[in-house]
Amino acid sequence: MSHPATPRVTRPRTVLAMSGETRAAILAPEALHRLARVADLDPRLLVTDFGADDPAQRTGLHEAEVLFTGWGCPPLDPAALSAMPRLRAVVHAAGSVKHHITQDVWDRGIAVSTAATANAFPVAEYTVAAILFANKDILESARVYREARSRVNLLERFPGVGNYRRTVGIVGASRIGRRVIELLRPYDLRVLVHDPYLDEADARTLGVERTELDTLAAESDVVTIHAPELPGTYHLFDAPRLALMRDGATLVNTARGSLVDTEALVKEAATGRLNAVLDHTEPEVLPADSPLYDLPNVLLTPHIAGSQGGELHRLADAAVDELERYAHGLPFAHAVDPQTLHQQA
């Protein structure tokens, strides 16, 4: 009786390609130690510029079978790839690969993995916290209590607060959007989703209602954006769509800032009609005189929703897991599909 062949375990020659700041933040000593067990790696070699005139770098890249990348990795263009004739895989210890993976990578048949799923966890957690706080009107109730410095008549001042049977609209059934849906399941909420690639069967599996975007905007108490930055999503929430939102509704944006028309949002928020929780804005850092910093109904955070601090170690762990799968001859668990990459952030 024949048995399946046992995959051959290797220690693929691997080179780090990311900024020095990224390596220091992501690759703690424990992660580097594990990485060195899985791969044939020179931890002293860090590539930040594929064109650098460095003999050690040229030798390392020429022998590299795998690139272990992170934020700050330069683009893998034809010139860079020509220096890596043995390259077979790229393992990215972060989210989007659009900044460094080029068409030339796909043309060469190089496999690509991303830790985007791991990075989705903290963004989804931030989003769920924002949703639950928004429905409890935390910003306004904190302001009222701070000014009163005495007992507040909650039934009089906040008769409609709470999360019971409120409606949450999720724009984009992406990795993050789906994680948000999963985390919201224990709560008594109605969840609407708009995504042009989501069909009815998938919506039923997720336990959500599939809707048109304008319907979602008009019926939701909280709208949270998890769509990718594409030409078709630029200013997805413009003045007319923001005007559809209910009085007192909250817009949460942890996606790209360009999906919201900042000028239109400022006008709506300044009237007090809409609330906002913004971790991404357009521009990414707002001018110092932007009203969004000071409006009492706006919570503005400095791009903190994604992996930060100790959460960065999750990215390293996920990426090393993928490299270990590769070393055992197994397919990536989180491979990037070039055919659907345009749908992703």
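Throughout, numbering of the chain's residues begins at 1 and tracks the sequence. Treat the numbers as computed from the prediction; the structure is a model and nothing was measured.
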*Asks:* Do R143 and E147 meet the salt-bridge criterion of a basic N to acidic O distance under 4.0 Å?
*Replies:*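 Yes, E147 and R143 are salt-bridged.
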*Asks:* Atom CD of residue position E212 - does it have more than 12 heavy atoms of other residues, nucleotides or ligands inside 6.0 Å?
*Replies:*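 Check fails, neighbour count at 12 or below.
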*Asks:* Between Y126 and T301, do the side chains contain a donor N or O and an acceptor N or O under 3.5 Å apart?
*Replies:*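 There is such a pair between these side chains.
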*Asks:* Step through the shown structure and confirm whether more than 12 heavy atoms of other residues, nucleotides or ligands are within 6.0 Å of OH on Y187.
*Replies:*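 Count not over threshold, so no.
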*Asks:* May I ask you to decide whether R210 forms a salt bridge with D195, counting only side-chain N to carboxylate O separations under 4.0 Å?
*Replies:*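 A salt bridge is absent here (no side-chain N lies under 4.0 Å from a carboxylate O).
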*Asks:* Using every non-hydrogen atom in the two residues, find where I225 and A255 come nearest and quote the distance to one decimal.
*Replies:*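 Closest approach of I225 to A255, heavy atoms only: O-CB, 3.6 Å.
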*Asks:* Can you name the residues that form a side chain to side chain donor-acceptor pair (under 3.5 Å) with E125, not counting sequence neighbours?
*Replies:*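 Applying side chain to side chain donor-acceptor pair (under 3.5 Å) to E125 gives none.
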*Asks:* Holding to side chain to side chain donor-acceptor pair (under 3.5 Å), I want the full list of residues that pass it with E156, two or more places apart in sequence or in another chain.
*Replies:*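 So E156 forms no side chain to side chain donor-acceptor pair (under 3.5 Å) with any residue.
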*Asks:* Under a 4.0 Å threshold between the charged nitrogen and the carboxylate oxygen, would D321 count as salt-bridged to R314?
*Replies:*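 No, this pair does not count.
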*Asks:* Under 3.5 Å, is there a donor-acceptor pair linking the side chains of T69 and H92?
*Replies:*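 Yes, side-chain donor-acceptor contact under 3.5 Å.
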*Asks:* Any sub-3.5 Å donor-acceptor pair from R325's side-chain atoms to P331's backbone N or O?
*Replies:*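 A pair under 3.5 Å: yes.
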*Asks:* So, does R58 use its side chain to make a donor-acceptor pair with the main chain of A52 at under 3.5 Å?
*Replies:*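 Pair absent, no side-chain N/O of R58 close to backbone of A52.
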*Asks:* In terms of heavy-atom contacts, does CZ of F133 have more than 12 from other residues, nucleotides or ligands at under 6.0 Å?
*Replies:*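 Not buried by this count: 12 neighbours or fewer within 6.0 Å.
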*Asks:* Closest approach of V298 and A269, non-hydrogen atoms and distance?
*Replies:*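 In this case the closest contact between V298 and A269 is CG2-CB, 4.0 Å.
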*Asks:* Applying salt bridge (Lys or Arg N to Asp or Glu O under 4.0 Å), name anything that partners E209, two or more places apart in sequence or on another chain.
*Replies:*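 Counting only residues at least two positions away or on another chain, E209 forms a salt bridge (Lys or Arg N to Asp or Glu O under 4.0 Å) with R190.
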*Asks:* Would you give me the side-chain donor-acceptor pairs under 3.5 Å for residues 38-50, sequence neighbours excluded?
*Replies:*
unit_1: D42; atom_1: OD1; unit_2: R44; atom_2: N; d: 3.0
unit_1: D42; atom_1: OD1; unit_2: R44; atom_2: NE; d: 3.1
unit_1: D49; atom_1: OD1; unit_2: G51; atom_2: N; d: 2.9

*Asks:* Kindly say whether R146 contributes a backbone atom to a donor-acceptor pair with the side chain of R149 at under 3.5 angstrom?
*Replies:*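 Checked: pair present.
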*Asks:* Without swapping roles, check the side chain of R241 against the backbone of A217 for a donor-acceptor pair under 3.5 Å.
*Replies:*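 Not a single qualifying donor-acceptor pair exists.
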*Asks:* Write out all pairs satisfying side-chain hydrogen bond (donor to acceptor under 3.5 Å, both in side chains) with one or both partners inside residues 257-266, taking only residues at least two apart or from two chains.
*Replies:*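 Applying side-chain hydrogen bond (donor to acceptor under 3.5 Å, both in side chains) to every pair that reaches into residues 257-266, excluding sequence neighbours, yields E229-S258.
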*Asks:* Of all heavy-atom pairs between Y145 and S150, which one has the smallest distance, and what is that distance?
*Replies:*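 Residues Y145 and S150, closest heavy atoms: CE1-O, 3.3 Å.
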*Asks:* Verify, without hydrogens or angle tests, whether T114 (side chain) and G95 (backbone) share a donor-acceptor contact under 3.5 angstrom.
*Replies:*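 Yes.
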*Asks:* Is there a donor-acceptor pair closer than 3.5 Å between any side-chain N or O of H100 and the backbone N or O of L76?
*Replies:*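 Between the backbone of L76 and the side chain of H100 there is no qualifying donor-acceptor contact (under 3.5 Å).
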*Asks:* If only atom types and distance count, is the side chain of T271 paired as donor or acceptor with the main-chain N or O of E268 below 3.5 Å?
*Replies:*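 Here the side-chain-to-backbone pair exists.
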*Asks:* Any donor and acceptor pair, going by atom type alone, linking the side chain of E311 with main-chain N or O of Q308 inside 3.5 Å?
*Replies:*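 Flag set: sc E311 to bb Q308 pair under 3.5 Å.
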*Asks:* If I take atom CZ from residue R86 and atom CE from residue M84, how far apart are they, to the nearest 0.5 angstrom?
*Replies:*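 Rounded to the nearest 0.5 Å, the CZ-CE separation comes out at 13.0 Å.
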*Asks:* Side-chain donor-acceptor pair under 3.5 Å between T102 and D77, yes or no?
*Replies:*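 No.
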*Asks:* Find out whether L183 and F121 are in side-chain contact, i.e. whether some heavy atom of one side chain is under 4.5 Å from a heavy atom of the other.
*Replies:*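 No, side chains not in contact.
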*Asks:* Does the D188 side chain pair with the main chain of N163, one donor and one acceptor, at a distance under 3.5 Å?
*Replies:*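 Checking the backbone N and O of N163 against the side chain of D188, no donor-acceptor pair under 3.5 Å is found.
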*Asks:* Filter on ring pair (Phe, Tyr, Trp, His ring centres under 6.0 Å), then keep only pairs touching residues 251-298, sequence neighbours left out; what's left?
*Replies:*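 Passing the test, one end in residues 251-298: H280-H303.
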*Asks:* One thing to verify: whether R273 and D247 come together as a salt bridge, which I'm taking to mean a side-chain N less than 4.0 angstrom from a carboxylate O.
*Replies:*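 Salt bridge between D247 and R273, a charged N being under 4.0 Å from a carboxylate O: yes.
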*Asks:* Are I176 and V168 connected in a single hydrophobic cluster, I mean Ile/Leu/Val/Met/Phe/Trp/Tyr linked by side-chain heavy atoms less than 4.5 Å apart?
*Replies:*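 Cluster IDs for V168 and I176 match.
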*Asks:* Any donor-acceptor pair under 3.5 Å linking the side chain of S19 with the backbone of G72?
*Replies:*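 Pair absent, no side-chain N/O of S19 close to backbone of G72.
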*Asks:* Is any NZ, NE, NH1 or NH2 atom of the basic residue among R178 and D202 found under 4.0 Å from an Asp or Glu carboxylate oxygen of the other?
*Replies:*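 Salt bridge present between R178 and D202.
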*Asks:* If you count heavy atoms of other groups shown closer than 6.0 angstrom to CD of Q103, is the number above 12?
*Replies:*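 Check passes, neighbour count above 12.
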